[in-house]
> 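Got a structure for you, written out below as C-alpha cells; questions coming shortly.
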Amino acid sequence: MSGQKVVELVIDEGVGVITINNPPVNALTLDVRAQLKDVLQEVEQNADIRAIVITGAGPKCFVAGADIKDFPNQFEVGPRENATIYKEMFSYLENTPRPVVAALNGLALGGGLELALSCDLRIADEKAKFGLTEVTLGLVPGLGGTQRLARLVGPAKAKELLFTGKMVKADEAMQLGLVNQVVPNGEALNEALKLAKKLAKSAGVAIGYDKYLVNKGLELNLEDALELEMQYVEKVFKTEDLREGLDAFINKREAVFKNA
Ligand SMILES: C/C=C/C(=O)SCCNC(=O)CCNC(=O)[C@H](O)C(C)(C)COP(=O)(O)OP(=O)(O)OC[C@H]1O[C@@H](n2cnc3c(N)ncnc32)[C@H](O)[C@@H]1OP(=O)(O)O
C-alpha cells in the first residue's frame, strides 16, 4: 500500500462527495479498495450525509476499471477475495437508503462502469464513454456488470456490449437508459451535486423506501411487488416527514424534512 490518498470524501450541504483520485486512470487498485471501504464506513456512520455523489478525479476517467496490473498476482489465490470486497461495497451503494448519484466525468470502463451501475442515478459529461471491456482481456465482469447492465438496458444490448467490449458514447448511453442525463463537458460533478443537494433536502425516508421498492420489486412477481409497495405506503404513513409535507403544502410553505 502506497499510503497516498486515492479516495477523498468531502461533505457539502448534506451530500457526501466521494472522489476516486488514483492517477492516471483511477483504476480500482488495492489502495482504492482499502480507502473506499473506510470512506463508506465513515459515510454510513454520519447521519448528516443524506445523499452520496461518486466521481473520478481528472478530465479523462471516471474509473478505467479494475487494476489490470494486479490480476497476475491473483492467479494463485483466484479473483474471489478481491472481487467480493468490491462487490460488498457496490452492494452497499445499491442498498443504502441514501440516493447515490454517479458523476461520470470521463471513461467508465470495466469495474468503473460496474461501480456506476451500482449507483441509483448517472449523470454523464458529453465526452464520457462507457464499456464493459473485460472481454478484450479475455475476462468476464466480476463486479455485477453482467447482471446490472442486462437489468438496465435489456439482455440483447447487454450481450452486444459484453461480447464486443465496445465503448458507447454518452448520447448513445442516454438512448439506452444507461445514464439519466448528459451535460456539457466538465459539468457532470456540478450537475450531480446540484441534484444530490436537492435530494438531501427531500423526504429521505420516502426516497429510501422508493429505492428499496424498485430494487426489491425487480426480484418479485407483480402481485407480491404491489403488496410490498402497499406495506411501505403504510410505513410512510407513520412518519413525521409525511405530516410535515402535508402541513407545508396546505400552509403554502417549504417543507423541512427531518428523515423521521
Ligand atoms: C471485474 C472488473 C474487471 C475490469 O475492470 S478489467 C479492466 C477494464 N478496463 C479496461 O479494459 C481499460 C483499460 N485501459 C484502457 O483501455 C486505456 O488505458 C484507457 C482508454 C483507459 C486510456 O488510454 P490512454 O489514454 O491511451 O492511456 P494508456 O497509455 O492506455 O494508459 C495510461 C496508463 O494507465 C495504465 N492503465 C490503463 N488502464 C488501466 C487499468 N484498468 N488498470 C491498470 N492500469 C491501467 C496503462 O497501463 C498506462 O500505464 P503506463 O503509463 O505505466 O504504461
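Just so you know, these numbers use all the heavy atoms, side chains as well, and skip hydrogens, waters and symmetry mates. Note that the coordinates shown come from a computational prediction; the quantities given were computed from them, not determined experimentally.
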> Between E219 and R151, is a salt bridge (charged side-chain N to carboxylate O under 4.0 Å, His left out) present by the stated rule, with each step listed?
CA-CA 11 Å; E219 303 165 17; R151 282 163 172 75; over 6 Å; no
> Would one find more than 12 heavy atoms of other residues, nucleotides or ligands at under 6.0 Å from atom CD of E254?
no
> Determine whether I123 and V53 fall in the same hydrophobic cluster, where Ile, Leu, Val, Met, Phe, Trp and Tyr are linked whenever their side-chain heavy atoms lie under 4.5 Å apart.
yes
> Spell out, yes or no, whether V168 and L121 are grouped together once hydrophobic residues are joined by side-chain heavy atoms under 4.5 Å, including indirect joins.
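Per the 4.5 Å side-chain linkage, V168 and L121 are not co-clustered.
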> Examine L36 and L189 and state if one hydrophobic cluster contains both, with Ile, Leu, Val, Met, Phe, Trp and Tyr joined whenever side-chain heavy atoms are less than 4.5 Å apart.
no
> One pair to check against side chain to side chain contact (heavy atoms under 4.5 Å, CB included): V6 and N21. What are the steps and the verdict?
CA-CA 5 Å; V6 291; N21 184 6; 5.7 Å; no
> Is atom NZ of K37 surrounded by more than 12 heavy atoms (other residues, nucleotides or ligands) closer than 6.0 Å?
no
> Are K159 and F163 in a cation-pi contact, defined as NZ or CZ under 6.0 Å from the six-membered ring centre and within 45° of the axis?
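No; the conditions do not both hold, so K159 does not lie above the ring face of F163.
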> Knowing that exactly one of R50, K194, K201, K198 qualifies, which makes a salt bridge (Lys or Arg N to Asp or Glu O under 4.0 Å) with E13?
K201
> Over 60° means perpendicular and under 30° means parallel, so tell me whether Y209 and Y232 are parallel, tilted or perpendicular.
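Correct class here is perpendicular.
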> Distance alone, cut at 3.5 Å: any donor-acceptor contact between the side chains of D70 and Q74?
yes
> When rounded to the nearest 0.5 angstrom, what distance separates CG in L104 from CD in E126?
14.0 Å
> Looking at G204, is its backbone amide N or carbonyl O close enough to the side chain of N259 to form a donor-acceptor pair, meaning the two atoms are under 3.5 Å apart?
yes
> Hey, are the side chains of F62 and L115 touching, using non-hydrogen atoms and a 4.5 Å cut-off?
yes
> Sub-3.5 Å donor-acceptor pair from the side chain of Y86 to the main-chain atoms of A66, do we have one?
no
> Just how far is it from atom CG of L178 to atom CZ of R148, taken to the nearest 0.5 Å?
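If we round to the nearest 0.5 Å, L178:CG and R148:CZ are 13.5 Å apart.
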> Mind checking whether L107 and K129 have side chains closer than 4.5 Å, heavy atoms only?
yes
> Determine whether D67 and K69 satisfy the following criterion, salt bridge (charged side-chain N to carboxylate O under 4.0 Å, His left out), listing intermediate values before the conclusion.
CA-CA 5 Å; D67 182 8; K69 296 172 180 171; over 6 Å; no
> With no hydrogens and no angle check, just 3.5 Å: does a side-chain donor-acceptor pair link N26 and N22?
no
> One pair to check against side-chain hydrogen bond (donor to acceptor under 3.5 Å, both in side chains): E227 and Q231. What are the steps and the verdict?
CA-CA 6 Å; E227 171 51 29; Q231 289 170 18; 3.0 Å; yes
> With a cut-off of 6.0 Å (strictly less than), are more than 12 heavy atoms of other residues, nucleotides or ligands near CZ of R243?
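Check passes, neighbour count above 12.
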> If you count the non-hydrogen atoms of other residues, nucleotides and ligands that lie under 6.0 Å from CZ in F71, is the total more than 12?
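Result for CZ/F71: enclosed.
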> Give a yes or no on whether L199 and L242 share a hydrophobic cluster (residues Ile, Leu, Val, Met, Phe, Trp, Tyr; joining criterion: side-chain heavy atoms under 4.5 Å apart).
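No; L242 is not reachable from L199 via cluster members.
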> Please check if the side chain of K166 supplies one atom and the backbone of T133 the other of a donor-acceptor pair under 3.5 Å.
no
> Quick one: do Q35 and D38 satisfy side-chain hydrogen bond (donor to acceptor under 3.5 Å, both in side chains)? Show the steps, please.
CA-CA 5 Å; Q35 294 183 26; D38 291 344; over 6 Å; no
> To the nearest 0.5 Å, tell me how far E42 CD sits from I49 CD1.
6.5 Å
